[in-house]
Each structure stands twice: as structure tokens, then as C-alpha cells.
Amino acid sequence: MPAESAFTPRDLPSVDALLRVAGVPALIAEHGHRLVVDEARALLGELRADLRARASDPEARAPAPEGLASALGARIEARLRPKMRAVVNLTGTVLHTNLGRALLADSAVQRVVELMASPNNLEYDLDTGRRGDRDAIVEALLCELTGAQAATVVNNNAAAVLLTIAALAGGREAIVSRGELVEIGGAFRMPEVMAAAGATLVEVGTTNRTHPQDYERAIGPRTALLMKVHTSNYAIQGFTASVDEAVLARIAHQRGLPLASDLGAGSLVDLGAYGLPREPTPREKLEAGCDLVSFSGDKLLGGPQAGLIVGSREALERIRRLPMKRALRVSKLPLAALEATLMLYLRPERLARELPTLRLLTRPVEAIRALAHTMQPALAEALAPRFTVETLELHGQIGSGSLPVEVLPSAGLAIAPAERKGAGRALDALATALRALPRPVIGRIADDRLLLDLRCLEDPGPVLSQLAALRELVHGA
Ligand SMILES: *Cc1c(COP(=O)(O)O)cnc(C)c1O
């Protein structure tokens with residue numbers, strides 16, 4: 001077939017003919033017959049439909065054979081590209097729920113790699129040679145780090161809260177302040193979780209103020225639990241009052257009732273010691289008298305998705321007896337990562353270096369600013385003349401429902417369209433181009449600029465190495 005011949009649908013090669021076109025046998029050698037044939041058939045089908053739709057267009061041409069071969073190669077590449085991909089988080093939010101929350105420490109990644117391709121002692125007691133319990137892998141460590149008597153791990157903190165309520169208040173009443181009826185996002189809303197756990201929610205106090213007497217008056221014969229929920233993703237300010245765990249524990253325990261606390265993020269260390277805003281720790285809540293405290297593994301703790309429950313032996317026993325506990329159990333994959341992450345806390349002096357979440361949160365703004373200045377010329381060159389690029393001071397966030405009103409001083413780059421006309425569309429197109437890169441770059445649009453916060457960019461390589469491709473996407477468009 002001549003290279004530039006014009007095809008009608010009839011002139012498109014058969015699948016078999018396409019498989020013999022130069023370049024295609026190499027594709028078969030690499031990927032095997034099945035995938036190449038499937039994609040060849042799909043490609044030819046699409047081209048045929050396209051040519052038919054343009055039957056009256058005298059300019060309509062089917063691609064030449066080499067064009068078909070490269071289109072087929074591109075299809076196969078796209079077919080094999082995973083849906084889940086590494087991206088560059090330049091949103092300024094360190095724990096970004098939509099971008100996978102905490103990054104695992106090197107040691108945790110290493111442990112997952114080592115353990116997942118090998119049999120392991122997930123539920124096998126190496127001392128006795130008998131069946132073991134997966135909780136045993138991290139229970140002692142969690143108890144040491146929080147001061148709890150017992151601990152368990154489940155799929156996430158939502159599951160931990162569900163189990164806590166089901167175990168301590170199933171079929172009876174749980175009392176929660178109206179100021180703490182949180183919605184975490186998705187379908188996780190405290191009143192609905194209560195219902196799903198089979199407990200009746202008893203609301204006390206008001207949105208802004210709840211007092212000890214409110215709880216005392218609500219306690220009745222059907223009360224089974226007092227519950228405290230950390231208002232992790234919003235703040236009630238102004239004329240406010242809430243009852244802390246120490247007071248609540250006294251009220252609950254005087255009547256023989258347990259107190260549970262949903263901490264949300266639950267940092268295992270005092271963030272204040274690292275120059276960050278303070279978050280309550282599970283240890284503090286247990287010391288204040290909580291019987292159970294639950295928190296996430298992939299928020300401030302900096303590990304994999306998991307829900308950690310720590311507390312009294314008796315309360316944990318009630319959780320372990322629930323069939324739902326088995327349904328919500330954690331798999332070996334996060335468990336391996338969690339153990340390695342918790343180990344890092346045994347050496348707190350090294351934590352800010354080894355735990356990515358803490359390392360990113362404590363990154364000095366001077367270092368971020370310096371990086372912005374180094375990157376600015378390269379980015380400006382790639383985007384000129386359609387956009388201008390400036391360095392600027394920014395305010396990032398911890399994210400994932402931690403300290404919603406605190407901001408982290410940060411720095412980065414602001415990209416603005418050179419022309420005012422059509423600026424909004426130009427910005428959207430730029431954000432789209434950044435997301436279309438092999439390693440998508442995610443920024444945020446604010447005040448008619450695209451902002452790239454560099455707090456989470458420890459290595460500029462993945463951005464700088466994609467600038468040529470970005471230039472092509474932006475200027476080729
Ligand atoms: C984040 C959060 C949850 C849910 O935790 P996941 O680990 O995301 O399931 C529950 N309660 C509070 C207060 C939270 O902040």
C-alpha cells in the first residue's frame with residue numbers, strides 16, 4: 001500500500017493485514033497476540049464508523065499504514081496505563097483526601113514490598129506454631145504509644161467509630177453534643193453512623209454551647225454511652241462552650257457508663273513540639289478517662305488507611321466479639337505498613353525526617369521559597385508568551401479534617417494568563433494540560449491565577465522533566 005493513499009472504509013486493511021504492517025509484529029512480540037488483535041479490531045472499527053459518518057466529505061481519508069501502526073501502539077499504551085497513578089500534589093494541602101492522604105515512609109513502603117510477595121505470619125504465632133491473631137502484630141506497639149491497655153485495627157476510622165458505637169451502645173442510647181454531630185464527607189455523618197450501628201442518638205446542648213448538666217439530664221435507663229466527637233473539619237467560634245473528656249468521663253463513670261472519643265486525626269506526638277498547631281493525642285484522651293479512643297491511620301499519624309481503636313481491655317473485648325469486627329478487619333497490606341510506621345515513633349528524634357507527613361508539615365518556608373525561586377525561570381520559559389509566572393507567598397493547609405482553621409505559611413508559583421481576554425478559559429486549559437501530563441500536576445485556581453504551592457514538592461524533578469511536554473500541550477493546543 002502506498003504511504004499517502006486515500007482510503008474509503010473499504011480500503012481500510014483487514015485485522016490480519018494490519019497485523020503485518022511494519023511495527024505491528026514488534027507490538028505482538030511485546031504484548032502478545034490477544035491484546036494487539038483486540039485493540040486492532042477496536043481501532044479499525046472506530047475508523048470505519050468515522051469514515052462512514054463522513055461519507056459526503058471529499059477530504060475524509062483513512063490513515064496510511066504507518067499511521068495505523070502508531071495509532072495502534074498508542075491505543076495499547078493507553079490500555080495498559082493504570083487508572084491509579086502517581087500525581088504531583090501542589091495544592092498546598094499536605095493530607096489531601098482526594099490525593100491519597102498520607103505518604104508512606106520509605107521503611108513502610110519497603111516492608112510492604114518485602115512482605116506482600118511472601119507468605120508471612122499474619123495470623124500465625126511463631127512461638128507456639130499455632131494460629132495467631134492479626135491484632136497482635138501492632139497491639140503492643142499501639143499500647144506503648146498511647147498508654148492504652150488494649151488496641152485493635154480496622155479498615156478505617158469510619159469503621160472504628162461504627163464498631164465503637166455498636167459495641168458500647170448497640171440497641172440502646174448514645175449521647176452526643178449537638179455541636180459535634182459532624183459530617184466527615186461522603187456518607188459519614190454522625191447521626192447516620194449511629195443508626196447504622198443500631199444505637200439511638202440522643203442529642204444534647206446546642207450547636208454552639210453544651211454544658212455538663214446537658215449530659216447529666218439526658219442520662220436515663222436506656223443510656224449506654226457518652227460520646228465525644230472531635231470537630232476536626234470545622235470550628236465553632238465566638239460564644240461557645242463544650243464539655244471536655246475529663247469532666248465527661250467523671251459524669252459517665254459515676255453512672256457506670258463508658259465514654260468514647262472519635263478523635264479523627266489523632267497525632268501520636270505533640271505537634272506543638274515541632275512548631276505546629278496542637279492536635280489532641282489519643283494518650284491525652286485516655287488519660288482524661290476515655291474508655292475507647294479511635295483515630296485514622298492515614299491522617300496525622302502518617303501511615304496507611306486504617307482505623308485504630310485504643311482503650312480499656314474490657315471495652316476492646318466487646319468490640320472483638322462483634323461479627324462486624326471480622327467484616328471490617330484490616331488486610332495484611334496496610335497492616336505491614338502500619339507496623340513499620342508505628343515503629344518510627346519509637347525514635348521520635350528521627351520522626352520529622354523519616355515520616356513524610358511530619359517532614360512536609362515542618363518544612364521551613366525558607367526552603368519552599370528558595371525552591372520557588374529556582375523553578376520560576378524554567379516554568380516561565382515553558383509557558384511564555386501565553387502565561388506569566390511569579391513566585392509568591394501562600395497559605396497551605398494540613399488537610400484531611402485536621403485543624404481546619406490553621407494555615408501553614410508556604411510559598412509557590414502563580415501562573416497568570418498574559419491576556420485578560422479569555423483568561424478564565426486559558427487558566428482552565430492550563431490546569432487541564434497539567435493534569436494531562438504523564439505524571440499529572442495538581443494545583444488550584446484562585447483569584448484568576450493558577451497557584452502551585454511547593455510545600456509538598458520535595459523533589460522538583462518530576463515537574464521540571466515534564467516542562468517540554470507541558471509546553472507542547474499548552475502551545476500545541
Ligand atoms: C476523618 C474522620 C473520620 C473518618 O476517618 P476515616 O479514616 O477517613 O474513615 C471520622 N471521624 C472524624 C472526627 C474524622 O476526622
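Both counts, for ligands and for their atoms, begin at 1 and track the order of listing.
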Does the pair E458/R363 count as a salt bridge with the N-to-O cut at 4.0 Å?
no

In terms of side-chain heavy atoms, does D453 have a donor or acceptor partner in S410 at a distance below 3.5 Å?
yes

Relative to the heavy atoms of H230, which atoms of ligand 1 are at a distance of less than 4.0 Å?
13 (C)

Does R313 have more than 12 heavy atoms from other residues, nucleotides or ligands lying within 6.0 Å of its CZ?
no

Do any nitrogen or oxygen atoms of K299 come within less than 3.5 Å of a nitrogen or oxygen of ligand 1?
yes

In terms of atom number and element, which parts of ligand 1 are under 4.0 angstrom from non-hydrogen atoms of D262?
10 (C), 11 (N), 12 (C), 13 (C)

Element-labelled atoms of ligand 1 that are located less than 4.0 Å from some non-hydrogen atom of A158:
4 (C), 5 (O), 6 (P), 9 (O)

For D291 and S312, does a side-chain donor sit closer than 3.5 Å to a side-chain acceptor?
no

Output the list of atoms in ligand 1 that are nearer than 4.0 Å to some heavy atom of G264, sorted by atom number.
12 (C), 13 (C), 14 (C), 15 (O)

Can you check whether G302's main-chain N or O pairs, donor with acceptor, with D298's side chain at less than 3.5 Å?
no

Non-hydrogen atoms of R101 versus ligand 1: any pair closer than 4.0 Å?
yes

Give yes or no for whether the N/O distance cutoff of 3.5 Å, strictly under, is met between L263 and ligand 1.
no

Quick check with a 6.0 Å cut-off and a 45 degree axis cone: is R130 positioned over the face of Y124's six-membered ring?
no

Within-cut-off N or O pair, S296 and ligand 1, under 3.5 Å
yes

